[in-house]
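Notes to accompany the following structure.
All ligand and atom numbering here is 1-based and tracks the order in the structure.
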Amino acid sequence: MTAARDRTAAHSVTAAEAGPETGGVPGREAPLRIIVVGSGIAGLYGAVLAAEGGASVTLLTKGILSQSNTGFAQGGISAVLGSDHAAPGDSVEAHIADTLKAGAGYCDPAAVRVLCTEAKGDIARLESLGLVFDTDASSGARALGLEAAHSAARILHVGGDSTGAAISSTLIDAVLARSGSVEPGPGGPSPRHPGGAGTITVFEHAFMMELTTAAGRVNGVRYLWDGAEHLMEADAVLLATGGAGEMFETTTNPDVATGDGVAAAWRAGAVVADAEFFQFHPTALAVPGSFMISEAVRGAGAVLRDDRGYRFMPDYHADAELAPRDVVARSIALHLSATGAGTKGCVYLDATVVEAEQGAGYLAARFPGIDTAVRGLGFDWTCEFLPVLPAAHYWMGGIATDLHGRTSLPGLFAAGEVACTGVHGANRLASNSLLEGLVFARRSVTAVFADFLHTTDCLDFTDCLDDDGPAGVARSHPNYENESLPAVHALPPLQALQAEVWTLPDFDVLDLRSLMSSCAGVLRDGAGLDLAAKQLDSWMAATGSMTHARAQTGQPEQKEIERRNLLTTAGLLVAAARRRSGSLGAHYRSDSSEQQSAEQTCRPTIARIKESSRS
Ligand SMILES: Cc1cc2nc3c(=O)[nH]c(=O)nc-3n(C[C@H](O)[C@H](O)[C@H](O)COP(=O)(O)OP(=O)(O)OC[C@H]3O[C@@H](n4cnc5c(N)ncnc54)[C@H](O)[C@@H]3O)c2cc1C
């Protein structure tokens, strides 16, 4: 099958036509072409900034623009905006210290410093795009929420608990304002906009299958759209495809979170780091379909009780319900096991104490989205406890990047949850991931301009730059050649990029989720991880269904590729988890339960596909 040539490639606009302010530079006949994959906070923000810098941007997203983890974020976005706008005693240094502590001493301190010190500029940029944070009724200042493991109230929020949806819609408006068209997907009209400098061409329902490479560089993507397979070339690709919660039985993530970006980057040869660290949110409603109850509810005073009504968290950690997320999730699992409730039981979130203390109507006013959702599910949380359990929530591991979003592959950048920048270490601090999406998407775009145009002058967001400025951005992609690699060579005998016949492992994705939850979930041990590795290997060895799909339809189907991607990401996670024999942060091994200190910790578990495994 021949891939159709991309219809939007913007070779036609010259620098002269583009104008000096558009990123058109001497020696280039066309504007910088950037493909952004994903329409969460990182992808949308990256696309807007890249277009503002004068690039010709194409934004691919596999659902509609608003479909992302970002849209589900409730609690808010953490940031210390300066002494005038901070809680008494709070500071950027305190935010840094909290992030490092929650990350179990495993964070990259330089990345954390970047995250916390540069937050202010990106929050201001978000506000300049139209986002309005909630304000305090009496002072009129931005309202600040408290969340677990934060030493001060510093969580900015919108609509009480609708922060993610508000950010998403603000950024979508900004994208559309720079866009000639939104392609509605199968059956829709062909692209109307040529994709000139400073514009964003949006393709909804465009599913990235693979990254394409030439001479060791990533030079485009292969994607499914409008019922056909296409190829699109670019100077740089920014992956912002989010996480992989769909690997587990219960997850807070929407169904787009299938690890496509990590899997595609891995297959292209990029280094993946820290895959063993997957965060489980402690309080997902224990009902079919689940629903996450934000940390901010515990920040407001809600407590956890067992089925006897006993408040157990003080037995497990001095900070009780406000301990870091990994501690609370693990304590729930350990308590259920200790009390004999096992995997079938659940614990209860008691928010009635909040309503009693703050007054009638508080929960509905402060958490309107959660209030509507729980009431819709038949719970009156002002007077009854909510059954909750930990659920797969956030992947700290991902495509290894430097502080500028560069991966180990030239031409490939990654930002947001798909990336492993090192800011989250072994356990992410609540509300730091939206912030990471902003700060590192902006840094990635800056690096693209620096790498290709050797300037960032065309960008008007230099106020957000770190101290080293554009000069500090101009570095090469990181080189991991001398790092030791875990034994994951058995992982993908997955087929080559240009193969005519797609082969896929034959297995049921529900079995994979069940395996991952029982063997590589909140509690892990060596025997379980070995079992998982063996099963994953055997699924990888069995092929068949994709060949079948292609024979019938002439092209692979999205669901099949997602299934393959989940197997790849599960394999990466289990391989890294087997390698790390001690417990650290979210990676808890009940056969070695004492938490390691940062000094005892082994080096980052990085992995890259072995050349011999690539066909
Ligand atoms: C219920 C919930 C509540 C949360 N609350 C908070 C919070 O309060 N504060 C906080 O900081 N964080 C929170 N998080 C985490 C945070 O929302 C995410 O980590 C963050 O939004 C990730 O942003 P992103 O841009 O990296 O990816 P996402 O927002 O997940 O976006 C990924 C995008 O990539 C697209 N995509 C994926 N694969 C492909 C493909 N193959 N081809 C094309 N497109 C693709 C998806 O469709 C999607 O548009 C929460 C997460 C959840 C699930």
Candidate with minimal heavy-atom separation from [atom], of [options]:
atom                    : options                        : result
atom 38 (N) of ligand 1 : Ile561, Asp260, Val418, Val262 : Asp260
atom 52 (C) of ligand 1 : Met292, His393, His205         : His393
atom 23 (O) of ligand 1 : Thr251, Ile155, Thr70, Leu156  : Thr70
atom 9 (N) of ligand 1  : Gly76, Ala73, Gly43            : Gly76

Problem - Region of Asn432 that comes within reach of ligand 1 [heavy atoms, distance under 4.0 Å] - result: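 Under 4.0 Å from ligand 1, Asn432 contributes backbone atoms alone.
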Practice task
May I ask you to identify, for Ala240, whether its side chain, its backbone, both or neither come under 4.0 Å of ligand 1 on a heavy-atom basis?
Solution key: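 Near ligand 1, Ala240 shows its backbone, while the atoms from C-beta on stay back.
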Between ligand 1 and [X], is the shortest N or O to N or O distance under 3.5 Å?
X      : answer
Ala415 : no
Ala42  : yes
Phe207 : no
Tyr394 : no

Handout entry: Nearest non-hydrogen protein atom, atom 22 (C) of ligand 1
Key = Glu417 OE1, 3.9 Å
Problem - Protein contact to atom 12 (N) of ligand 1 [nearest heavy atom, distance to 0.1 Å] - result: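 The answer is Ser433 OG, 2.7 Å.
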Handout entry: Numbering as shown, the atoms of ligand 1 that approach Gly416 to under 4.0 Å (heavy-atom distance)
Key = 26 (O)
Completion exercise
Quick note on ligand 1: atoms under 4.0 Å from a heavy atom of Thr252 include exactly 1 (C), 53 (C)
Practice task
Quick one: pull up CZ in Arg113 and CG in Leu403 and give me the separation to the nearest 0.5 Å.
Solution key: 12.5 Å
Problem - Distance in Å, Thr99 OG1 paired with His150 NE2, rounded so as to fall on 0.5 Å steps - result: 7.0 Å
I'd like to know if [X] pairs up with [Y] as an ion pair, taking the criterion as any Lys NZ or Arg NE/NH1/NH2 lying under 4.0 Å from an Asp or Glu carboxylate oxygen.
X      : Y      : answer
Glu147 : Arg298 : no
Lys62  : Asp260 : yes
Glu127 : Lys120 : no
Glu246 : Arg563 : no

